[in-house]
A.B. asks: 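Structure incoming, see below.
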There are 4 protein chains.
Amino acid sequence: MARERDEGKRQVILAEAKRLFAQRGFHDTSVQDIVKGIDLPVGSVYTYFNNKDAIIKAAIEEGWSDFHDSLEAACAAEPSAARRMSLILYRFLPLLFKDVDLVSLFLSEGLRFTSLDDKLERLARLIGAVVNDLAKERGLAVSLSPRQAVTALSVFFLGSMDTIRLSRMAGLPLSEKDVLSFIKLIIETAFSINLEPPEEN
Amino acid sequence: MARERDEGKRQVILAEAKRLFAQRGFHDTSVQDIVKGIDLPVGSVYTYFNNKDAIIKAAIEEGWSDFHDSLEAACAAEPSAARRMSLILYRFLPLLFKDVDLVSLFLSEGLRFTSLDDKLERLARLIGAVVNDLAKERGLAVSLSPRQAVTALSVFFLGSMDTIRLSRMAGLPLSEKDVLSFIKLIIETAFSINLEPPEEN
Amino acid sequence: MARERDEGKRQVILAEAKRLFAQRGFHDTSVQDIVKGIDLPVGSVYTYFNNKDAIIKAAIEEGWSDFHDSLEAACAAEPSAARRMSLILYRFLPLLFKDVDLVSLFLSEGLRFTSLDDKLERLARLIGAVVNDLAKERGLAVSLSPRQAVTALSVFFLGSMDTIRLSRMAGLPLSEKDVLSFIKLIIETAFSINLEPPEEN
Amino acid sequence: MARERDEGKRQVILAEAKRLFAQRGFHDTSVQDIVKGIDLPVGSVYTYFNNKDAIIKAAIEEGWSDFHDSLEAACAAEPSAARRMSLILYRFLPLLFKDVDLVSLFLSEGLRFTSLDDKLERLARLIGAVVNDLAKERGLAVSLSPRQAVTALSVFFLGSMDTIRLSRMAGLPLSEKDVLSFIKLIIETAFSINLEPPEEN
DNA sequence: GATGAATGAGCATTCATTCAT
DNA sequence: AATGAATGAATGCTCATTCAT
C-alpha cells in the first residue's frame, strides 16, 4: 500500500558510491557527496544501507560475487579444461579488468571492509582446478606444490589487478590489454598450448 | 619540509605514524593518535612536517628511497648479472618484504600521496637491466618485448607485495618465505640457473 | 485526539509507549521503537495521535484520570471518613504504586507535557476533605493551616511516588510496602486511629 | 608554555548547561544552545568534557558534592544535635532549595546519569545520625525501625525537593518557605523542641 | 622553539512527520 | 483507512591546524 522499496534506487546509490569511493577514496567521499550527484536526499541512503560502511561492503561483495558466480557457472558448464582456460582468459578477466572501480575498491579498501582471504581462496580453488585439469589434459606433470600454486595464483592475480589499477590511476603506461596478453603468454608457455578465443554464443 | 633541530624527534614521529597508518589506515589515525604513543605535543608534529599529508608522503618516499638507493648502489658495484640477481633475491626483497608497514602504505595509500609510477619505472629499469644482462650472460635470447617486460615486472612485483600484505593483514595462509621461493623458482626456471645466496661481507 | 476505528489499537500503542517512555525516557524512545514491539506500521500511530507529544500526554493524563476518577467515586460513595481513609490507603495507593511506569512518567516527563498543578490540586482537595472529616470524626482540632495542609500533602505524595520510582529504577532498597506502611503509621499516629483494611466486595 | 586549561571556562560551560538543562531539559538543549549563550565555540565544550552526558553528570555530581560536603563538615564541627538540626534546617536546606536548577536536574535527569541511591544513602546516614542523637538528647525513645527511618527520610527529602521544583516550574502555589516551615513543624512536633536559627558567624 | 588549548567547518546519522500508493 | 518509504533539518562530535603563551 505504501511506496515499495525501490531496488533501482539502491543500485543508483551503490553505483555512484562505488564510482566516488574508487575515485577519491572512501574517507574523502561523504554521504552528502554520494547523493549530490544522483539527486536524492541523504535520508534515502539509510533506507537502503545501515551505514556508510555497509555501502562499500556491498559494492565490493556484490561486485565480486557477480564476477565470481558467473565465472563458476561458466566453468561448471564446460568440460574441456583448455576451453575453460580460454573462458577465463578471454571472457572473465577482461570483464573484471574493465571494472577498474571494483578492482580499486577491492585492493584499496577491500581489506578494511570485507574478508579478502575468503574471496581469494575460493578463486584459487577454482583456477587451481582448471590448471590441474589442463596439466592432465596436456599430459604434463604438475611440478608446483599446492602451496606454490596458491602463491603463484595470488601473485599473478593481485599483481594483475594492481597493475590495472595503477595504469588507470597513476600514469603507468600499461593497459588492460598488456596485462591480458602477458597472462596469455605465461599460460601458453607453461602448457605448450595455443589458447583461442571461445566462439561466442 | 622543515629541517629543524632534532632529527631524532622527526624520525620518532615518522616511525610511529608509519606504524599507525599501516595498521589502522591514514584517515583512522589522527595526529593526536600519533603523538599519544610517543609522548610528544601535537604542535611538535608541525615543526617537522607541514601537514598530515606530508607525514605519509615522507614515510613512503623515504622508505622507498632507502630501499631503492641501496639496491641501486649494490647493483652498480656488482658486475656479474647472476650475482646481482642473487643480491636482489637474497638481500633486498627480504628486506622490503620484512617491512610490511612500508609495503602496506605503498599499496594502500601510496597512490593518493606519492607518484608510484616513478618508483615502479625506476625499479623496472633497474631490474630490467639485470634481467637483460643475465639473459646475455646465459646466452639466451630475450623473447619479451620491452612492454611485456615492464608488465611482467609490474605484475610480479606488485603481486608479491600484495600477497605479503594480505598474508599479514587478512588471514592469507602464506608467508614472505613462500613468495620469495616462488620468485626464485620463476627466475631459476626462466634462466636455467641456480641462484646461490651471496656470501655475506 | 483522533477517535477512529479501532480503540484496541490505540490502547496497544499507548501501553507500549508508556512502558518504553518510562523505561528509557521519552527522547530515547523513537516512534519507530514503539511500533516495533507491537508490530504495527509507523503511520498507524498518526491515525490515533496527532504527534509524539500527544502520546505521552495521553499516557499521563488518562492514567491519572483513571486513578483519580475511581478514587473520587469511591470517596463519594463512602460516608465514613475513616473508611474513606482506609480505601485510600489499602486500595488506591497500592493501585497507584503498582503502576510504577505511570508514576515515573508523572514525575519525570509529566511536568513537560501536562499540567501537574491541576492534578495535585484536585488531589489535595480530595484528600484534604478526607483528612478534615476524619479530624472532625475523631474530635481533633486541625492545627494545620490550609497552606500547610497542601504542603504536607504535596511533600508526602510526591515523596512517596519518588521513593517508589527510585526503589524501582535506582537501587534504593525500599519497596512499595515500606512506603505504604510508613504512610499508615503517620496517619494512625496523627489521628490516634487504627486503620483496618476495608472489607472487599 | 601553551594556554592553560581554564577552570573558569569550564565553570561557565557547566553553569550555562545546568541552567538550560534544568529549564528546557537535557534533550531539548543542544550543545550548540549551550555555547550560543556564552559565546564559545562548540569545540571548547569538548576540551572540558568528554561528551554531552559528562556535562550533566558533572553538574549534578559536583552540585550535590558541594552541598553534601559542606553539610558534613558543619555537622562534624557541631557537637549539639539540636544545633546540628538547626544548621540543617536554617542553613543547608535553604541553600539546596534555592538552587532549584540543581534540584530539578537531580530529580528529572539525575536517575539517568548518576547514581542517586548512593547520594540518598549517604544523606540518610548523616541525617539519621542527627535524628538519633537528637532523640537521645531529648530523652525520647526512637520508635522507628531503621527501615522506617530511611523511608521517612526518603519521602520527606524527595517530596520536599519535588514540591520546590513543581512550585517553580509548574504553577504550584507554594514556596520554598512553605516547605521549610512544614519541615520545621514536623521536627519540632516530633521532638517537642523549639529550633532557633543558629547565630551566624 | 615548545606547547597544547582553541577553533569551527565538516561529518555520519537520526527521526518525527508526511504522503504516494 | 493503511502502509512504510521518503525527507532533510538538526544533532553530537571530530580533528587538522593555528597561535597565545
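Here is the naming used below: chain letters follow the sequence lines, and residue numbers restart at 1 for every chain.
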A.B. asks: Would you kindly give the CG-to-C1' distance between B:Asn50 and F:dT18, to the nearest whole Å?
C.D. replies: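 In whole Å, F:dT18 C1' lies 14 Å from B:Asn50 CG.
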A.B. asks: Less than 4.0 angstrom from a charged side-chain N to a carboxylate O is my criterion; do B:Lys57 and B:Glu62 meet it?
C.D. replies: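 Salt bridge between B:Lys57 and B:Glu62, a charged N being under 4.0 Å from a carboxylate O: no.
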A.B. asks: Is D:Glu109 reaching over with its side chain to a backbone N or O of D:Phe26, donor-acceptor style, under 3.5 angstrom?
C.D. replies: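 The answer is yes, because a donor-acceptor pair under 3.5 Å joins these two groups.
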A.B. asks: With sequence neighbours excluded, what pairs up with A:Lys9 under the side-chain hydrogen bond (donor to acceptor under 3.5 Å, both in side chains) test?
C.D. replies: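 A:Lys9 satisfies side-chain hydrogen bond (donor to acceptor under 3.5 Å, both in side chains) with no residue once adjacent residues are dropped.
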A.B. asks: Grab the CZ-P distance between C:Phe49 and E:dA16 for me, whole Å please.
C.D. replies: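 In whole Å, E:dA16 P lies 15 Å from C:Phe49 CZ.
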A.B. asks: Base, sugar-phosphate alone, or nothing: which one does D:Asp6 contact when heavy atoms must sit under 4.0 Å apart?
C.D. replies: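 Nothing: the residue D:Asp6, judged by heavy atoms under 4.0 Å, touches no strand.
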A.B. asks: Using a 3.5 Å distance criterion without hydrogens, assess whether the side chain of D:Arg165 forms a donor-acceptor pair with backbone atoms of D:Leu105.
C.D. replies: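 Between the backbone of D:Leu105 and the side chain of D:Arg165 there is no qualifying donor-acceptor contact (under 3.5 Å).
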A.B. asks: Of the options E:dA16, E:dT14, E:dA5, whose atoms approach the side-chain atoms of D:Arg5 most closely?
C.D. replies: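 Between E:dA16, E:dT14, E:dA5, the one nearest the side chain of D:Arg5 would be E:dA5.
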A.B. asks: Looking at D:Tyr48, I'd like to know whether one of its side-chain N or O atoms comes within less than 4.0 Å of OP1 or OP2 on E:dA6.
C.D. replies: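 Looking at the OP1 and OP2 atoms of E:dA6, one of them is under 4.0 Å from a side-chain N or O of D:Tyr48.
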A.B. asks: Any side-chain to backbone donor/acceptor pair from C:Arg168 onto C:Ser104? Under 3.5 Å, distance only.
C.D. replies: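 Side chain of C:Arg168 to backbone of C:Ser104, a donor-acceptor pair under 3.5 Å: no, none is there.
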A.B. asks: In whole Å, I'd like the distance from the CZ atom of B:Phe113 to the P atom of F:dA16.
C.D. replies: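 Rounded to whole Å, this separation is 11 Å.
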A.B. asks: If you compare every side-chain N and O of A:Arg3 against the phosphate oxygens of F:dG4 (OP1, OP2), does one of them come in below 4.0 Å?
C.D. replies: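 No, outside the criterion.
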A.B. asks: Taking only heavy atoms on the protein side, list every residue of residues 12-44 of chain D lying under 4.0 Å from any atom of DNA chain E, sorted numerically.
C.D. replies: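 Of all residues in residues 12-44 of chain D, the ones placing a heavy atom under 4.0 Å from DNA chain E are D:Pro41, D:Gly43, D:Ser44.
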A.B. asks: Would you check if the side chain of A:Tyr48 reaches a backbone N or O of A:Gln11 as a donor-acceptor pair within less than 3.5 Å?
C.D. replies: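 No, the answer is negative, given that no donor and acceptor are paired below the 3.5 Å cut-off.
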A.B. asks: Could you please name the partner base of F:dA20, counting Watson-Crick and G-U wobble pairs only when both distances are under 3.5 Å?
C.D. replies: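 Across any shown strand, F:dA20 pairs with E:dT3.
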A.B. asks: In whole angstrom, give the distance that lies between atom OH of A:Tyr46 and atom P of F:dA10.
C.D. replies: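 Interatomic distance, OH of A:Tyr46 to P of F:dA10: 18 Å.
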A.B. asks: Of D:Lys9 and A:Lys52, whose closest DNA chain E nucleotide lies nearer the 5' terminus?
C.D. replies: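 Final value for this comparison: D:Lys9.
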